[in-house]
Amino acid sequence: MTSPSASAPSTLTAFRQIDEHPLTRNQKSLIGLAIVGNVAEFFDMFLVGFVVALLAGAWSLTGPEMGAILACSGLGTVLGSVTWGRLSDSLGRRESLACCIVMFTGFTAASALLPDGAWLLFALMRVGVGFGVGGLNIVSIPYVQEFVPSRQRGFLSGLASSFIPAGLMLGSISQGIVGDDWRLLLGLGAAPIALLAWVARVPQSPVTLMARGREDEARASVAWALQIPVEQVGPLSAGAGSGSNAGSDASTHADACAGTTANAGAESDATSPPSRPSAERGERAQRRGIGGVLRHHLRPLVVIAAGSFCFMMGSFAIQSWGQTLLREAYGLSVRDVALAFGCVAICDMLGRLGCARLADAIGRKLTLLIFGLLGAAGCAWVALFHDTAWSFFAGILVVMTFGDGAFGILNAFGAEQFPTSVRSTALGLGYGLGATAKIVGPALVGALVGGSAISQGVSMEGVGIAFTLFGAFLAAGALMYQLARETRGKSLESL
């Protein structure tokens, strides 16, 4: 039985308790869910690169046809990022996470049942897969950020993206085991449906619950995270009390998280007359949604959209086309391609982990500058030295370690640019606009490598041109993020 003293509420606010409390098993479980979910969905996304490499010969696909299939995944990601970003702020993080899992696994399973040669139907299925995939990372990052200490927020939320390359490694292993059976490979992509049981065990974010005035559930959510009795959870905002003022206090804290007032102003609002929180709720409602983001947060939105576009241009093209080029242009066997991209996945994962850790140590902006410029150097190497398979492989290894490794903090940093009330909406919109690179990049490579069946007409001159452009984009992205607001060490309430 809990003693009276143990049941006494903390003098700290609930979110200060999260900042000062060691990570618990439940917080680690949520982080683990975000990691496994992103690995699972990107296992599916990367898997299509291997599948298309197999179908190139079996279905006699031309370069533009392959580019269309791969670009459709990008189109779905764009639509999914914008849609699920908005729905996450309205429906809730947990519900949106579950829906994304159902979407991408369902369309993957359906793809495995298509008749031979139906490349157009396959492309349409990839739009549906991308729609689910595009939302999961956008939803999971704010979900984790709202449960973890500020001092570790960059690294812990970055972990959700850092292990994504493990999906590529799993795809490499799967291809090495399964071989040329593309239907079985796609069937494996439907296995993550089992994650729904894990999602059912985690609560809704306390921050989003507070924004809706659901104080009791928010306190229970904090108690779950810290693994303490709900009676020990402190006030939900500075100066918060209980009883009839609870709704106003929850509204005040949500406003502070939303960045619509300064910290000092947020504290004074807790004692304001009841009419003021009502007026502020109306003002916040006008600031929500895509229209509110465009009116009130245009500058950070432009930075995130342009910066993420630049970083995605090169990395996604490599993820989607690299396997095919190694096999068809350089003549590597299926198993050698799988081994090569297993190494790429490991280096990419190490790059993302290093990026996430470095961002908490030296700052987000400097980290992205370093990683973007090193990725650009890798692109320059490929553009100049792609005569052999191994010189091409060495270059893409550098590009993926640093250029794609930047995603260890890139989306988490993007989420930190916006207030809580529109965090997922704004991140989804910015990432969605940036993800148009996932359409442009693969389609560009498809056009440059030739219009005949790919095994018969690869233009290596086109590869040099493509990587010259990709390097320029990575350098531009590194510079674009220097215009963002540095958020290292700042609490969510102050953003």
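Side-chain atoms of Q482 come within 3.5 Å of backbone atoms of K365 as a donor-acceptor pair (strictly under, hydrogens ignored). R295 places no side-chain N or O within 3.5 Å of a backbone atom of I290 that could act as its donor or acceptor partner. With R364 contributing its side chain and F413 its backbone, the two residues share no donor-acceptor pair below 3.5 Å. In terms of modelled atom types and a separation under 3.5 Å, the side chain of S308 and the main chain of Y431 share no donor-acceptor contact. Between the side chain of S90 and the main chain of L87, a donor-acceptor pair closer than 3.5 Å is present. Without hydrogens or angle criteria, H296 side chain to V293 main chain gives no donor-acceptor distance under 3.5 Å. Of the possible donor and acceptor atoms, one in the side chain of T436 sits under 3.5 Å from a partner among the backbone N and O of L433. A donor-acceptor pair under 3.5 Å is absent between the side-chain atoms of R357 and the main chain of F155, judged by distance alone. Listed for the D348 side chain is no donor-acceptor partner under 3.5 Å among the backbone atoms of V344. Remark: the backbone N or O of L301 is not paired with any side-chain donor or acceptor of Q417 at under 3.5 angstrom.
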When you look at E416 and R485, which way does the side-chain contact (heavy atoms from CB on, under 4.5 Å) test go after all the steps? CA-CA 9 Å; E416 292 172 345; R485 174 180 51 161; over 6 Å; no
side-chain contact (heavy atoms from CB on, under 4.5 Å) between F341 and I396, worked out: CA-CA 10 Å; F341 266 77; I396 65 173; 4.2 Å; yes
Begin with the C-alpha distance, continue with both residues' side-chain angles, and end with the deciding distance and a verdict on side chain to side chain donor-acceptor pair (under 3.5 Å) for S424 and W84. CA-CA 8 Å; S424 284; W84 291 113; over 6 Å; no
Working for side chain to side chain donor-acceptor pair (under 3.5 Å), residues R93 and S205: CA-CA 7 Å; R93 314 289 193 228; S205 160; 5.1 Å; no
Should T108 and T105 be marked as a side chain to side chain donor-acceptor pair (under 3.5 Å) after you check the CA-CA gap, both sets of side-chain angles, and the distance that decides it? CA-CA 5 Å; T108 298; T105 54; over 6 Å; no
In sequence, state the C-alpha distance, the side-chain angles, and the governing distance for V207 and F147, and then conclude on side-chain contact (heavy atoms from CB on, under 4.5 Å). CA-CA 9 Å; V207 177; F147 270 105; over 6 Å; no
Between L97 and L33, is a side-chain contact (heavy atoms from CB on, under 4.5 Å) present by the stated rule, with each step listed? CA-CA 10 Å; L97 197 66; L33 172 61; 3.8 Å; yes
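Considering all non-hydrogen atoms of both residues, G408 and S162 come closest at CA-OG, 3.9 Å. Smallest separation of non-hydrogen atoms from F104 and P192: CZ-CB, 4.0 Å. Scanning both residues, F311 and G477, for their nearest heavy atoms gives CE1-C, 3.5 Å. Nearest heavy-atom pair, G432 versus V82, reported as atom, atom and distance to 0.1 Å: CA-CG2, 4.0 Å. Across A40 and L195, no two heavy atoms sit closer than the pair CB-CD1, 4.1 Å. Contact record, A340 with L326: CB-CD1, 4.2 Å, taken as the closest heavy-atom pair.
In this structure, L483 and R299 have side chains that are in contact, with non-hydrogen atoms separated by less than 4.5 Å. No side-chain heavy atom of V399 sits less than 4.5 Å from a side-chain heavy atom of F470. Using a 4.5 Å heavy-atom cutoff, the side chains of M313 and L469 are not in contact. Residues L350 and T401 are not in side-chain contact: their nearest non-hydrogen atoms beyond the backbone lie 4.5 Å or more apart. The shortest distance between side-chain heavy atoms of I141 and N137 falls below 4.5 Å. You'll find the side chain of I304 stays beyond 4.5 Å of the side chain of L429, heavy atoms only. No side-chain heavy atom of L358 sits under 4.5 Å from any side-chain heavy atom of C355. Contact of the R423 side chain with the S88 side chain is not registered, since no non-hydrogen atoms from C-beta on lie closer than 4.5 Å.
Atom-to-atom distance recorded for S96:OG and I101:CD1 is 11.0 Å, nearest 0.5 angstrom. Rounded to the nearest 0.5 Å, atoms SG (C99) and CZ (R94) are 11.5 Å apart. One distance of note links CD1 of I370 with CD1 of I362; it measures 4.0 Å at 0.5 Å rounding. Between atom OG of residue S140 and atom CD of residue Q145 there is a gap of 9.5 Å, rounded to the nearest 0.5 Å. Going from atom CG of L479 over to atom CG of L368 covers 11.5 Å, rounded to the nearest 0.5 Å. Going from atom OG1 of T468 over to atom CG of L384 covers 7.0 Å, rounded to the nearest 0.5 Å.
A 6.0 Å sphere centred on CZ of R183 holds more than 12 heavy atoms belonging to other residues, nucleotides or ligands.
Checked against a 6.0 Å centroid threshold, the rings of F122 and W119 do not count as neighbours. Aromatic pair F473/F309: centroids less than 6.0 angstrom apart.
Partners of I31 according to the side-chain contact (heavy atoms from CB on, under 4.5 Å) rule, which considers only residues two or more places apart in sequence or in another chain, are I35, V144, V148, L156, L159. Every side-chain contact (heavy atoms from CB on, under 4.5 Å) that L184 has, sequence neighbours left out, goes to V178, D181.
Looking at D404 and R352, a side-chain N of the basic residue comes within less than 4.0 Å of a carboxylate O on the acidic one, giving a salt bridge.
Listed by first and then second residue, the ring pair (Phe, Tyr, Trp, His ring centres under 6.0 Å) pairs involving residues 159-192 are W59-W182 (not counting sequence neighbours).
In this pair, F467 and F392 present their aromatic rings perpendicular. The plane angle is above 60°, beyond the 30 to 60° band. Classified by interplanar angle (parallel below 30°, tilted 30° to 60°, perpendicular above 60°), the ring pair W381/F385 is tilted.
Of the candidates L366, L410, T367, Y481 forms a side chain to side chain contact (heavy atoms under 4.5 Å, CB included) with just one, namely L410.
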